[in-house]
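For reference, the structure discussed in these notes is given below.
In what follows, chains are A, B, ... by sequence order, proteins preceding strands, each numbered from 1. This one's a predicted model, so the numbers in the text were calculated from it and none came from an experiment.
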Amino acid sequence: MIRYLLSRLAQSVLILVGVLILVFFMLRLTGDPTNLMVPRDATAEQRERARVALGFDRPLPVQFAEFLLNALAGDFGRSLRYGRPATSLILERLPATVELATAALLMSVLMGVPLGLLAGSRPGTGWDLFGRGVGLLGQTIPSFWLALMLIVVFAVNLRVLPSFGRETWEICCGIRLPAGNIILPAFALSIFTMGQLVRFTRAAVLEVRNEDYIRTARSKGLSAHTIYTRHVLRNVAIPVISILGVQFGYLLSGSIYIETIFSWPGLGNLLAEAVGNRDYALVQALAFFASLVVVLLNLVTDIAYAFADPRIRYG
Amino acid sequence: MSQATAADLLPVPARARTGGWARRLRRDRAGLVGLALFVLLVLTALFAPWIAPHDPLAQNLRASKLPPAWQDGGSWDHPLGTDNLGRDIFSRVVYGSRVSLTVGFFGVLLAGSLGLMIGLLAGYVGGRTDNIIMGVVNLILALPYLVFVVFVASILGRSLLNVILIFGLTDIPIFVRIARGETMRLRRTLFVEAAQGTGAGGLRILLRHVLPNLVGPFVTIATFEMSAMIFYEAGLGFLGLSVPPSIPSWGNMLDAGRRFLTIYPWMSVYPGLAIALTGLAMNLMGDWLRDVLDPKSRER
């Protein structure tokens with residue numbers, strides 16, 4: 001187990017080093033990154049001054065070494081737009097994104113898993129058809145379009161839900177919960193994952209139903225209820241939980257659209273803004289932090305899975 | 001050496017793998033719908049100039065912001081209404097299919113062919129080559145895809161070629177993984193060993209014995225990947241990072257429509273519907289292709 005943990009950890013570190021290298025060279029894909037950051041109508045002289053000020057005039061290896069060392073210390077430079085360290089901006093916006101992604105994940109689990117269970121345990125019925133339909137639609141309707149339609153219906157026409165911003169309500173004693181602003185963005189963000197969960201849960205139930213131990217349970221006279229709660233659900237839970245980590249990563253990506261549409265003050269919104277402002281120190285930092293989150297999630301999921309299933313450790 | 005069954009020894013006749021696809025299609029209603037929608041989409045893209053009632057770029061400020069025909073103030077001259085500049089939305093949706101299909105087709109072609117070659121190499125040569133290739137593949141697959149695509153797109157700038165390159169190159173790992181896995185599996189089968197025994201060279205084995213077995217999984221994955229690329233292209237367009245705004249594409253239309261969302265919602269409705277229908281068609285078709293071509297991975 002310790003061997004597995006260490007090798008998985010080493011792998012994650014390698015990936016993150018790879019990410020740093022990628023992020024550094026991607027900025028230099030078109031040659032001189034200065035041109036990306038100065039206004040298009042800047043004179044040659046202004047460009048030269050910016051090049052020196054940003055340190056792009058030095059030899060590439062020197063720039064690279066400096067970038068790596070600073071990055072390892074958590075320093076990705078200053079945001080040109082905000083004039084503040086990119087890292088602190090990101091840490092400031094992180095909670096909003098985590099809140100939105102968590103709400104979306106909760107929604108997709110609460111809707112997707114029960115529907116998948118229903119569909120899988122009643123194959124060929126109306127529930128099955130409904131579940132498969134929802135699974136398919138969840139994966140084919142673009143979240144950014146659904147978000148726009150939700151705004152038109154619920155905020156413009158029915159006027160029942162707010163369409164932008166992030167607020168919290170104080171329930172009592174300093175405990176704050178997200179206000180209604182989160183409902184539309186979280187739902188729009190959740191549909192892809194919900195579709196995945198319906199499909200995945202349904203497939204898992206169908207597979208477990210055919211296992212020998214279910215036949216045994218049936219033949220020894222257990223009620224359908226007991227079979228489902230004791231045998232089917234438990235065995236379906238492991239693979240379903242294992243994909244949640246990956247799905248959380250997708251939600252972070254999807255937040256680029258959703259946060260922009262709903263003016264949700266999170267990382268996705270920050271990235272769209274940074275790209276629009278050609279604020280590349282911030283873009284680099286965001287790409288690294290997003291990768292860090294995804295790599296950590298994958299690591300945690302894999303470790304949890306290895307604890308649950310010994311075949312993985314020795315596989 | 002793993003145990004081999006008689007089935008491994010026999011060359012798989014192409015007929016047996018694809019046999020009865022028409023019969024299966026008739027039974028698979030969803031697959032039929034998907035295929036029909038996809039054919040319709042391709043025809044729309046090919047014959048766009050004949051289908052579209054107006055020039056998709058022609059502006060007419062006197063006929064701007066018209067609602068769809070069935071709403072008050074709409075007319076059948078502009079079935080889906082017009083946008084803020086008076087351009088015909090139906091014509092733009094029709095022409096938009098060209099961008100989506102071009103990006104999807106050439107993106108998959110690029111990713112599939114490069115992925116095939118790299119995957120065959122990794123799977124057949126093995127050893128250090130394989131380790132290096134798979135290291136890079138796993139690195140790319142571990143990244144938050146959209147974040148990096150947005151990053152690169154913003155650096156390269158808006159052009160159709162750039163979009164194709166971005167999706168074509170970033171999607172290579174998916175195809176490498178399939179080609180490599182299948183090559184490694186086949187390399188250990190008896191019929192490949194037998195071919196080696198008769199003195200067949202590496203290239204001959206790859207072309208003659210490995211490649212035909214890759215067709216099924218590749219076609220299936222290509223369908224799903226094409227659908228994903230069309231989806232991501234629209235998403236990039238929505239963020240203002242795909243093809244230049246002068247080209248009518250579904251993503252660009254959504255990006256423009258968003259600014260008028262509360263007053264002229266029809267500007268956003270139809271391009272999005274087109275994206276959703278395309279995704280639906282390709283997913284249904286992909287499921288059917290997987291059933292027919294790649295029965296091992298069939299979803300129950």
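- Between P265(B) and V152(A), the shortest heavy-atom distance links the atoms CB-CG2, 3.9 Å.
- For the atom pair S154(B) OG and D279(A) CG, the distance stands at 11.0 Å (nearest 0.5 Å).
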Next item on the list: Before giving the answer on side-chain contact (heavy atoms from CB on, under 4.5 Å), spell out for R258(B) and T260(A) the whole-Å C-alpha distance, their side-chain angles and the decisive distance to 0.1 Å.
Entry: CA-CA 11 Å; R258(B) 177 157 64 107; T260(A) 310; 3.9 Å; yes
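- Residue M26(A) comes nearest to I155(B) through the heavy atom pair O-CD1, 3.3 Å, listed as atom of the first residue, atom of the second, then distance.
- For a residue to count as touching a neighbouring chain, one of its non-hydrogen atoms must lie under 4.5 Å from one of that chain's; by this rule Y250(A) does not touch chain B.
- Note that CD of Q11(A) and CG of N138(B) are 7.0 Å apart. Values are rounded to the nearest 0.5 Å.
- Taking CG from L148(A) and OG1 from T262(B), the interatomic distance works out to 11.0 Å, rounded to the nearest 0.5 Å.
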Margin query: M149(A) vs S268(B), test: side-chain contact (heavy atoms from CB on, under 4.5 Å). Steps then yes/no.
Written below: CA-CA 8 Å; M149(A) 296 302 108; S268(B) 309; 3.9 Å; yes
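- For chain B, the nearby part of I151(A) is the side chain; its heavy atoms alone come within less than 4.5 Å.
- Residue V293(A): no heavy atom, backbone or side chain, is found under 4.5 Å from chain B.
- Note that the CG atom of L254(B) and the CZ atom of F144(A) stand 6.0 Å from one another [nearest 0.5 Å].
- For A281(B), no part sits under 4.5 Å from any heavy atom of chain A, backbone or side chain.
- With a 4.5 Å cut-off on non-hydrogen atoms, L241(B) touches chain A through its side chain but not through its backbone.
- In this structure, F238(B) and Y257(A) have perpendicular ring planes: the angle between them is above 60°, well past the 30° mark.
- Contact annotation for V269(B): both backbone and side-chain heavy atoms come within less than 4.5 Å of a heavy atom of chain A.
- For CZ of R158(B), the number of neighbouring non-hydrogen atoms (other residues, nucleotides, ligands) closer than 6.0 Å is greater than 12.
- More than 12 heavy atoms of other residues, nucleotides or ligands sit less than 6.0 Å from atom CZ of R28(A).
- In plain terms, the two heavy atoms of A142(B) and I15(A) that are nearest each other are CB-CD1, 3.8 Å.
- In this structure, the separation between CD1 on I230(B) and OG1 on T140(A) is 12.5 Å, given to the nearest 0.5 Å.
- For the residue pair W145(A) and A276(B), the shortest heavy atom distance occurs at CZ3-CB, 4.5 Å.
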Check: When you look at L156(B) and L29(A), which way does the side-chain contact (heavy atoms from CB on, under 4.5 Å) test go after all the steps?
Finding: CA-CA 8 Å; L156(B) 293 184; L29(A) 266 182; 4.2 Å; yes
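- The two residues A287(A) and F151(B) have their closest heavy-atom pair at CB-CD1, 4.1 Å.
- Rounded to the nearest 0.5 angstrom, L139(B) CG and L22(A) CG are separated by 5.5 Å.
- Between V19(A) and L143(B), the closest side-chain pair of non-hydrogen atoms falls below 4.5 Å.
- Proximity to chain B is limited to the side chain of L271(A), based on heavy atoms less than 4.5 angstrom apart.
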Notebook entry, point to check: Going through the checks in order, is the side-chain contact (heavy atoms from CB on, under 4.5 Å) test met by V147(B) and L252(A)?
Noted result: CA-CA 9 Å; V147(B) 175; L252(A) 289 179; over 6 Å; no
